[in-house]
Colleague: 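The structure follows.
None of the values given here were measured: they were computed from a predicted structure. Order of the sequence lines sets the chain letters (A, B, ...), proteins ahead of strands, with each chain counted from 1. Scope of the values below: all heavy atoms of this structure, side chains included, with no hydrogens, waters or symmetry mates.
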Amino acid sequence: MRMSRLFLKTMREAPAEAELASHQLLLRAGLVSPLAAGLYCFTPLGWRAIQNVQAIIRDEMDRAGGQELHLPALNPVELWEQSGRAESMGDVLFRLADRRERGFVLGATHEEVVSSLVGRTIQSYRDLPFTVYQIQTKFRDEQRPRGGLVRLREFTMKDAYSFDTGWSALDDSYAAMFEAYTRIFARAGVPVIPVAADSGAIGGKDSQEFIFLTESGEDEILLCSNCGYAANGEKAEFAPSAPVEADLKPMSKVSTPGTKTIAELASFLGIEPRQTNKAVFYRADGKPVLVSIRGDLDVNEIKLKNALKANVVEPMDERMVDAAGLVAGYASAVGLSDVTVVADASVVEAKNLAAGANEPGMHYVDTNYGRDWDAQVVADVALARAGDACVNCGTPLETRRGMEMGHVFKLGTMYAESIGVHFLDEDGERKPAVMGCYGIGVERLLAAVLEENHDDNGIVWPAEVAPYDVSVVVLNSEQEAVSDAVNELEPALLAAGLSVLIDDREESAGIKFKDADLLGMPLRMTVSPRSLERGGIEVRDRKSGETEVLAVAAAVARAARASS
RNA sequence: CGGGGAGUGGCGCAGUCUGGUAGCGCACUCGGCUGGGGGCCGAGCGGUCGCAGGUUCAAAUCCUGUCUCCCCGACCA
């Protein structure tokens, strides 16, 4: 490709809207152009990079035994109602109707459609197992698109779905995908770590995310430097500090004026926060919920949502607090009847906690779970924080920011049951298939590639993602010796299976070099009177900056080596 | 949706407080010089100042409303 003909415009300065390095580079290098929030046009150069990312993914999916297929983006809304996600994914779905007012959604993911397809197709255990995948556009009406390609409303996702006869077989399919993911991210030049994760709206059991650790990430990750425990903050477990041990004391009511916070209460009573029982109010699918948790801990809303099997959990607004008869600052489950109570494991184990008396200015002291109050749900709903003890080894956990690059999880039979994917086993018994699903965001992966692979001068493409293998900078092309050399070099590179971007523009040398650095192809070859004087083609490694002058054949061989 | 910021040629910005001829740098076009790290000189093209109302003799500037974009949070690949 000749740059004089390439549809591309680079920019000296990044638009003010871009904050992330990847976003700035994408715009400066002209790889993308924004159309609206969360919607981007890809220019030919950017599209080549996307296609290269897809090629890596496709290659590894195929290697792992995946079979690519294609599914409609337009889905009948009934299918989503059948799985329950028309409601649970709610606002995220783009909805529309056809001319006969039949309802559709734009696929935000494809568990429903693939389940429907597979359900219509398989009959016997002999048809299993298999893993199918698609690399397709997904649509999500995100609350906040952001970070350039990090969070889009229309994006490409590689989604793989495994179908097995049982849970142990699923373990094998899952392991194969896990291995494929490790290889994909390594090839793309993005370091990732697997972490335990919440399975979110898609549902399921075991779930791991591949996280690219970066300060610009959206997720908080908890890590144990000792045993390697790693989990998303949504999911992270930890060992709360031990409760204060004591014999059970009788409960009594005390006046505690002006103690609406745990800190005030603990100070007033002369006890530690972990000797108090904190009440936090939520609205779960519209119903009031009181969460009872030890005063030194905070509530993890994701864990709470899962414990309640609720679709939506949000803090209770004041009106609802009043309607439920709760007294902010002085509430507890003691003597409360009309509100669902969720008890964190921490308050169930602890003894003699101070708790609200459900009237202003009053608290109980020495309340005990089971004796003085009860809960409909007991679960771990505590939020892990930096410094909390690792569940496995007790080492203080660290927190880091990270970007979710991929997610693998064991779905189980939920879609098989709701949509209908059944088979007859060896005994003639009808069973639901056990599914797994495995996603990677293609554009986001490209963003991470750039986030990780750049320097002050621009992009430093990993070989497999680079839009072209070689940039050729031509200087003084009006000199015959130079044009002859280019005319020999280009076909030789192409014949070696390399892709080449030749800068034949009428620009100064400085601009061409700056652009070559910005665009970041792994190798730059300069053809100029000076290089020819020195014996041929100047070959420069974008990453190391190492430069050598080689004859055409040697330069081609060098490039072939670099791209393999 | 809550909080914060911003909308002025393709990009980066000034001008807004204190109303009065829309400006600068880059990019782009033409001419010349230069020719290995965004070079120099000259001449040009390009803007309903996000949009809609209002105040005023007069609005980029003041008032009201609205839209869009970015950042932080809640959600996801």
Side-chain angles (χ1 to χ4, degrees), chain A residues 9-20 23-24 27-28 30 33-39 57 88-92 108-109 135-160 181 192 197-202 209-212 216-220 232 234 301-302 305 311-315 317 403-409 437-448 457-458 473-479 482 506-518 524 526-531 533-534 538 540 547:
Chain A
K9 190 62 136 180
T10 59
M11 281 186 282
R12 187 177 297 223
E13 294 170 286
E17 69 190 44
E19 206 149 285
L20 292 187
H23 193 189
Q24 294 184 353
L27 294 170
R28 276 234 291 144
S33 179
L35 182 64
L39 301 174
I57 294 172
S88 65
M89 287 192 80
D91 298 338
V92 170
T109 170
I135 301 177
Q136 285 184 239
T137 306
K138 315 269 171 164
F139 300 87
R140 294 184 186 175
D141 194 356
E142 291 289 345
Q143 300 177 42
R144 181 158 92 85
R146 73 166 133 203
L149 297 184
V150 172
R151 185 174 210 75
L152 299 168
R153 291 194 292 179
E154 175 178 332
F155 65 102
T156 313
M157 183 156 95
K158 185 288 297 175
D159 229 350
Y181 273 40
V192 294
D198 181 69
S199 46
I202 294 167
E209 291 170 345
F210 286 79
I211 296 287
F212 166 47
S216 54
E218 300 176 287
D219 294 331
E220 185 169 81
N232 192 306
E234 297 173 344
E301 293 182 18
I302 303 289
K305 188 167 92 172
N311 288 325
V312 182
V313 167
E314 54 199 345
D317 59 38
M403 194 185 286
E404 181 182 354
M405 305 309 309
H407 201 159
V408 293
F409 41 100
C437 77
Y438 318 91
I440 293 178
V442 174
E443 290 88 347
R444 181 181 288 183
L445 178 50
L446 181 64
N457 294 316
V473 172
V474 186
L475 303 176
N476 299 93
S477 60
E478 73 285 353
Q479 293 191 19
V482 172
E506 293 290 329
E507 293 287 359
S508 70
I511 287 178
K512 292 185 181 185
F513 287 135
K514 287 288 185 187
D515 271 347
D517 283 348
L518 174 61
R524 183 187 82 195
T526 306
V527 185
S528 70
R530 188 182 297 184
S531 76
E533 262 171 43
R534 292 180 187 167
E538 180 190 289
R540 180 185 164 95
T547 304

Colleague: Just N and O in the side chain of A/Arg144: are any of them under 4.0 Å from OP1 or OP2 of B/C1?
Modeller: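 So the side-chain polar atoms of A/Arg144 never come under 4.0 Å of the phosphate oxygens OP1 or OP2 of B/C1.
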Colleague: Return the pairing partner of B/C40 with a 3.5 Å limit on both distances, Watson-Crick or G-U wobble; otherwise return none.
Modeller: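 For B/C40, the partner nucleotide comes out as B/G32, under the 3.5 Å rule.
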Colleague: Look at all strands and tell whether A/Leu445 reaches a base, only sugar-phosphate, or nothing, counting heavy atoms closer than 4.0 Å.
Modeller: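 A/Leu445: no heavy atom of the nucleic acid under 4.0 Å.
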Colleague: Please report, rounded to the nearest Å, how far the C1' atom of B/C1 is from the CZ atom of A/Arg146.
Modeller: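 Checked: the CZ to C1' distance equals 14 Å.
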Colleague: Could you list the residues that satisfy side chain to side chain donor-acceptor pair (under 3.5 Å) with A/Glu13, not counting sequence neighbours?
Modeller: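 For A/Glu13, no residue satisfies side chain to side chain donor-acceptor pair (under 3.5 Å) once neighbours in sequence are set aside.
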Colleague: Applying the Watson-Crick and G-U wobble criteria at under 3.5 Å, what pairs with B/G25? Answer none if nothing qualifies.
Modeller: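 Matched B/G25 with B/C11 under the 3.5 Å cut-off.
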Colleague: Send over the distance from A/Lys305 NZ to B/C75 C1', rounded to a whole Å.
Modeller: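 Atom NZ in A/Lys305 sits about 8 Å away from atom C1' in B/C75.
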Colleague: Answer yes if the side chains of A/Glu154 and A/Thr137 hold a donor-acceptor pair under 3.5 Å, and no otherwise.
Modeller: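 There is no such pair (donor and acceptor under 3.5 Å, judged by atom type) between the side chains of A/Glu154 and A/Thr137.
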Colleague: Between A/Arg524 and A/Gly406, who's closer to the 5' end of RNA chain B by nearest nucleotide?
Modeller: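 Taking each residue's closest nucleotide, the earlier one in sequence belongs to A/Arg524.
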Colleague: Residues in side chain to side chain donor-acceptor pair (under 3.5 Å) with A/Glu478, at least two apart?
Modeller: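 If we apply the side chain to side chain donor-acceptor pair (under 3.5 Å) test to A/Glu478, skipping adjacent residues, the hits are A/Asn476.
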Colleague: As a test of reading the structure: which of B/G38, B/C76, B/C11 is closest to the side chain of A/Leu518, going by heavy atoms?
Modeller: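 Selected nucleotide: B/G38.
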Colleague: Which nucleotide, if any, forms a Watson-Crick or G-U wobble pair with B/C69, using both distances under 3.5 Å?
Modeller: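 B/G5 - that is the nucleotide pairing with B/C69, both distances being under 3.5 Å.
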Colleague: What does B/A52 pair with, Watson-Crick or G-U, if both distances are under 3.5 Å?
Modeller: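 Base partner found: B/U64.
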Colleague: In whole Å, what separates the P atom of B/U56 from that of B/C11?
Modeller: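 Pairwise P distance, B/U56 against B/C11, rounds to 36 Å.
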Colleague: Under the 3.5 angstrom rule, does the side chain of A/Tyr438 hit a backbone N or O of A/Lys158 as a donor-acceptor pair?
Modeller: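 Not a single qualifying donor-acceptor pair exists.
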Colleague: Which whole-number value in Å describes the distance from A/Gln143 CD to B/A77 P?
Modeller: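 For the pair A/Gln143 CD and B/A77 P, the rounded distance is 14 Å.
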Colleague: Give every pair of a protein N or O atom and an N or O atom of nucleotides 23-27 of chain B that lie under 3.5 Å apart, one pair per line with the distance.
Modeller:
residue	atom	partner	partner atom	Å
B/G25	N2	A/Glu13	OE1	3.4
B/C26	O2'	A/Arg12	NE	3.4
B/A27	OP1	A/Arg12	NH2	3.4

Colleague: Heavy-atom nearest nucleotide on RNA chain B for A/Ala14 versus A/Val92: which residue maps closer to 5'?
Modeller: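 In this pair, the answer is A/Ala14.
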Colleague: Distance criterion of 3.5 Å, no angle test: do you see the side chain of A/Arg151 paired donor-to-acceptor with the base of B/C75?
Modeller: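 Indeed, a donor on one side and an acceptor on the other fall under 3.5 Å apart.
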Colleague: Return the CG to CG distance between A/Asp91 and A/Asp141, rounded to the nearest 0.5 Å.
Modeller: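 Result: 7.5 Å between the selected atoms.
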Colleague: Between A/Leu27 and A/Glu17, does the side-chain contact (heavy atoms from CB on, under 4.5 Å) criterion hold? Intermediate values first, please.
Modeller: CA-CA 10 Å; A/Leu27 294 170; A/Glu17 69 190 44; 4.2 Å; yes
Colleague: Got a donor-acceptor pair under 3.5 Å from the side chain of A/Asp91 to the base of B/C75?
Modeller: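 Flag unset: no donor-acceptor pair detected.
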Colleague: Hey, is the main chain of A/Thr156 close enough, under 3.5 Å, to the side chain of A/Glu443 for a donor-acceptor pair?
Modeller: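 Yes.
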Colleague: When the distance from CD of A/Glu142 to P of B/C1 is rounded to whole Å, what number comes out?
Modeller: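 That distance rounds to 16 Å.
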Colleague: Students often get this wrong, so: under 4.0 angstrom with heavy atoms, is A/Arg28 touching a base, only sugar-phosphate, or nothing?
Modeller: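 The answer is base, as A/Arg28 lies within the cut-off (heavy atoms under 4.0 Å) of a base atom.
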Colleague: Say you pick atom C1' in B/A59 and the same atom in B/G54; how far apart are they, in whole Å?
Modeller: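 Between the two C1' atoms, the distance is 11 Å.
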Colleague: Is the aromatic ring centre of A/Phe155 closer than 5.5 Å to the centre of the six-membered base ring of B/A77, with the two planes inclined by less than 30°?
Modeller: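 Ring-base stacking flag set for A/Phe155 and B/A77.
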Colleague: Which part of the nucleic acid, if any, lies within contact of A/Ile302, taking any heavy atom under 4.0 Å across all strands shown: a base, the sugar-phosphate backbone alone, or nothing?
Modeller: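 A/Ile302: backbone/sugar contact only, no base atoms under 4.0 Å.
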Colleague: What pairs with A/Phe155 under ring-ring contact (aromatic ring centres under 6.0 Å, His included), at least two apart in sequence or on another chain?
Modeller: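 Result, ring-ring contact (aromatic ring centres under 6.0 Å, His included) vs A/Phe155: none returned.
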Colleague: Pick base, sugar-phosphate or nothing for A/Thr156, based on heavy-atom distances below 4.0 Å to the nucleic acid.
Modeller: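 Contact class for A/Thr156: none.
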Colleague: What nucleic acid atoms does A/Glu538 come within less than 4.0 Å of, heavy atoms only: base, sugar-phosphate, or nothing?
Modeller: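 The answer is base, as A/Glu538 lies within the cut-off (heavy atoms under 4.0 Å) of a base atom.
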Colleague: Consider the side chain of A/Arg140, meaning its heavy atoms from C-beta on, and name the nucleotide among B/G36, B/C76, B/G38 that approaches it most closely.
Modeller: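 Of B/G36, B/C76, B/G38, B/C76 is nearest to the side chain of A/Arg140.
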Colleague: How about A/Pro315 and A/Glu301: do any of their side-chain heavy atoms sit closer than 4.5 Å?
Modeller: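 Yes, side chains in contact.
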Colleague: Would you measure the distance from the P atom in B/C63 across to the matching atom in B/G19 and give it in whole Å?
Modeller: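 Between the two P atoms, the distance is 12 Å.
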Colleague: Rounded to the nearest Å, what distance is computed from the CD atom of residue A/Glu17 to the C1' atom of nucleotide B/C72?
Modeller: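 Computing the A/Glu17:CD to B/C72:C1' distance gives 17 Å.
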Colleague: Sticking with atom C1', work out how far B/G47 lies from B/C24, rounded to a whole angstrom.
Modeller: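 My reading of the C1' atoms in B/G47 and B/C24 gives 14 Å.
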Colleague: Each nucleotide N or O in nucleotides 40-45 of chain B that has a protein N or O under 3.5 Å away: list the pair and distance.
Modeller:
none

Colleague: Using the P atom as the reference point in each nucleotide, state the distance between B/C69 and B/A77 in Å, no decimals.
Modeller: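 Comparing P positions in B/C69 and B/A77 gives a spacing of 23 Å.
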Colleague: Between B/A77 atom P and A/Lys138 atom NZ, what is the distance in whole Å?
Modeller: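 Taking NZ of A/Lys138 and P of B/A77, I get 10 Å after rounding.
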Colleague: For a quick check of understanding: with a heavy-atom distance under 4.0 Å over all strands, which category does A/Gly147 fall into, base, sugar-phosphate or nothing?
Modeller: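 Sugar-phosphate only.
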Colleague: Could you tell me which residues satisfy salt bridge (charged side-chain N to carboxylate O under 4.0 Å, His left out) with A/Arg444, sequence neighbours excluded, listed by chain and number?
Modeller: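 A/Arg444 satisfies salt bridge (charged side-chain N to carboxylate O under 4.0 Å, His left out) with A/Glu218 once adjacent residues are dropped.
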Colleague: For B/U29 and B/G46, measure between their C1' atoms and round to the nearest Å.
Modeller: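 It works out to 11 Å between them.
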Colleague: Among B/A77, B/G35, B/C70, find the nucleotide with the atom closest to the side chain of A/Asn476.
Modeller: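 Within the option list, the nearest is B/G35.
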Colleague: Does A/Lys512 reach the main-chain N or O of A/Val474 with its side chain, forming a donor-acceptor pair under 3.5 Å?
Modeller: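 At least one qualifying donor-acceptor pair exists.
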Colleague: Work out how far the P atom of B/U66 is from that of B/G10, and round it to whole angstrom.
Modeller: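 28 Å, rounded to whole Å.
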Colleague: Starting the side chain at C-beta, find the nucleotide from B/G36, B/C71, B/A77 nearest to A/Phe513.
Modeller: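 Nearest to the side chain of A/Phe513 among the choices is B/G36.
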Colleague: For A/Ile440 and B/C76, give me the distance from atom CD1 to atom C1', rounded to whole Å.
Modeller: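 Those two atoms, CD1 and C1', are 15 Å apart.
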Colleague: Determine the Euclidean distance between corresponding P atoms of B/G5 and B/C76; express it in Å to zero decimal places.
Modeller: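 Approximately 29 Å lies between the P atom of B/C76 and that of B/G5.
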Colleague: Working to the nearest 0.5 angstrom, can you tell me the gap between A/Phe210 CZ and A/Met405 CE?
Modeller: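 Here the interatomic distance stands at 11.5 Å.
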Colleague: Tell which nucleotide pairs with B/C57, taking only Watson-Crick or G-U wobble pairs whose two distances are both under 3.5 angstrom.
Modeller: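 Checking every strand shown, B/C57 finds its partner in B/G20, with both distances under 3.5 Å.
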Colleague: Using side chain to side chain contact (heavy atoms under 4.5 Å, CB included) as the criterion, point out the one residue from A/Arg151, A/Arg153, A/Met157 that pairs with A/Arg140.
Modeller: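 One option only clears the test, and that one is A/Met157.
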Colleague: Taking the side chain of A/Arg444 as heavy atoms from C-beta outward, which of B/A77, B/G35, B/C71 is closest to it?
Modeller: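 So the nucleotide nearest the side chain must be B/A77.
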